[in-house]
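For reference, positions follow the sequence shown, starting with 1. Below, each value reflects all heavy atoms present in this structure, side chains not excepted, and no hydrogens, waters or symmetry copies.
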Amino acid sequence: MIENSIWGTIRSLLVTYNYKDEDGLKQFRKGLDKALNASDVQRVIIIVSIPKGVDKNSLSPHFLIYYNSPGDYGLFGGLKDHQLSTELKNSFDASICFGVMNKNLKSTIKNTEIARKILVNSELTEDTTYDLELNSSSDSPAEVIQFVVETLQKIDAHEPQI
């Protein structure tokens with residue numbers, strides 16, 4: 001691992017992912033587990049946004065994953081999941097957002113201290129809240145994760161971001 005790369009300097013990571021189907025989630029978890037096992041990341045939180053109508057209890061449990069649905073927010077947009085709220089009070093070296101983050105989650109995370117914000121495969125092009133935007137031509141979650149890690153390994157952590 002290149003220690004002076006962005007990937008090499010990440011010790012705490014917040015990941016957001018949009019659920020499409022169970023197979024895609026399994027591929028995503030497998031790819032992310034592989035990347036994290038070969039990294040220096042010590043603390044990770046994964047927030048999987050699930051659409052209305054998907055039962056959280058039917059999804060495979062994972063100790064790092066918080067399933068987040070539209071029903072997890074109160075009338076004024078406040079997060080009802082107290083455990084996730086507590087986790088988001090910690091600071092993170094980086095966040096990696098796969099796809100478009102739903103507005104309630106984005107509003108909740110905006111108060112979390114994050115050193116580097118990375119957006120991956122999103123049609124949003126003028127969102128200035130991210131430090132880096134990456135686009136992969138692959139639809140495979142595992143391949144996208146590998147692309148992100150390889151790209152972050154090539155970028156010097158001390159280079160000014162454009």
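There is no path of hydrophobic side-chain contacts, each under 4.5 Å, that joins L105 to L75.
Here F92 pairs with nothing under the ring pair (Phe, Tyr, Trp, His ring centres under 6.0 Å) rule; sequence neighbours left out.
Of the possible polar contacts, none joining the N68 side chain to the V48 backbone as a donor-acceptor pair under 3.5 Å is found. With hydrogens and angles ignored, the 3.5 Å screen pairs no side-chain donor or acceptor of Y73 with any backbone N or O of F76. A donor-acceptor pair is defined here as one N or O able to donate and one able to accept, closer than 3.5 Å; no such pair exists between the side chain of S107 and the backbone of N104. Checked by atom type and distance alone, the side chain of S58 pairs as donor or acceptor with a backbone atom of D55 at under 3.5 Å. One N or O on the side chain of T112 and one on the backbone of L88 form a donor-acceptor pair closer than 3.5 Å. Here the side chain of S91 pairs no donor or acceptor atom with the backbone of I114 at under 3.5 angstrom.
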Passes side chain to side chain contact (heavy atoms under 4.5 Å, CB included), K106 versus V100? Steps please.
CA-CA 9 Å; K106 188 170 185 171; V100 178; over 6 Å; no
Give the C-alpha distance, both sets of side-chain angles, the deciding distance and a yes or no for side chain to side chain contact (heavy atoms under 4.5 Å, CB included) between I118 and D131.
CA-CA 6 Å; I118 302 159; D131 301 306; 5.9 Å; no
Go through it in stages, so that I can follow the logic: the residues are S60 and E22, the test is side chain to side chain contact (heavy atoms under 4.5 Å, CB included), and I'd like the CA-CA distance, side-chain angles, deciding distance and then a yes or no.
CA-CA 8 Å; S60 304; E22 187 69 28; 3.0 Å; yes
Should L132 and R116 be marked as a side chain to side chain contact (heavy atoms under 4.5 Å, CB included) after you check the CA-CA gap, both sets of side-chain angles, and the distance that decides it?
CA-CA 8 Å; L132 183 63; R116 284 199 170 89; over 6 Å; no
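No side-chain heavy atom of I46 sits less than 4.5 Å from a side-chain heavy atom of L14. Counting heavy atoms from C-beta on, the side chains of F147 and S138 never come closer than 4.5 Å. For the pair N111/K89, no side-chain contact is recorded, criterion being any heavy-atom separation below 4.5 Å from C-beta on. In this structure, the side chains of I96 and L152 come closer than 4.5 Å at one or more pairs of heavy atoms. Between Q83 and Y66 there is a side-chain heavy-atom pair separated by less than 4.5 Å.
The two atoms that bring L79 and S85 nearest to each other are CD2-OG, 3.4 Å, heavy atoms only. Here the shortest heavy-atom pairing between N18 and S49 reads OD1-CB, 3.5 Å. A pairwise comparison of heavy atoms in A35 and V149 identifies CB-CG2, 3.7 Å as the closest pair. Shortest non-hydrogen contact noted between G24 and P141 is O-CG, 3.6 Å. Between T9 and D93, the shortest heavy-atom contact is O-OD2, 3.8 Å. Of all heavy-atom pairs spanning L13 and I10, the tightest one is CB-CG2, 4.0 Å.
Note that the CD1 atom of I109 and the OG1 atom of T129 stand 10.5 Å from one another [nearest 0.5 Å]. In this structure, OG on S136 lies 9.5 Å from CZ on F98, to the nearest 0.5 angstrom. Q27 contributes atom CD, which lies 9.5 Å from atom CD1 of I145 (distance to the nearest 0.5 angstrom). Rounding to the nearest 0.5 angstrom, the gap separating the CD atom in Q146 from the CG atom in L32 is 13.0 Å. Interatomic distance, R29 CZ to I65 CD1, rounded to the nearest 0.5 Å: 5.0 Å. Considering CG of N135 and CG of N121, their distance stands at 5.5 Å, rounded to 0.5 Å.
Ring pair Y17/F28 is parallel by interplanar angle, where below 30° counts as parallel and above 60° as perpendicular.
Counting only residues at least two apart or in different chains, salt bridge (charged side-chain N to carboxylate O under 4.0 Å, His left out) contacts with residues 69-88 comprise K56-D72.
Within 6.0 Å of atom CG in D139, 12 or fewer heavy atoms from other residues, nucleotides or ligands are found, so the atom counts as exposed in its surroundings.
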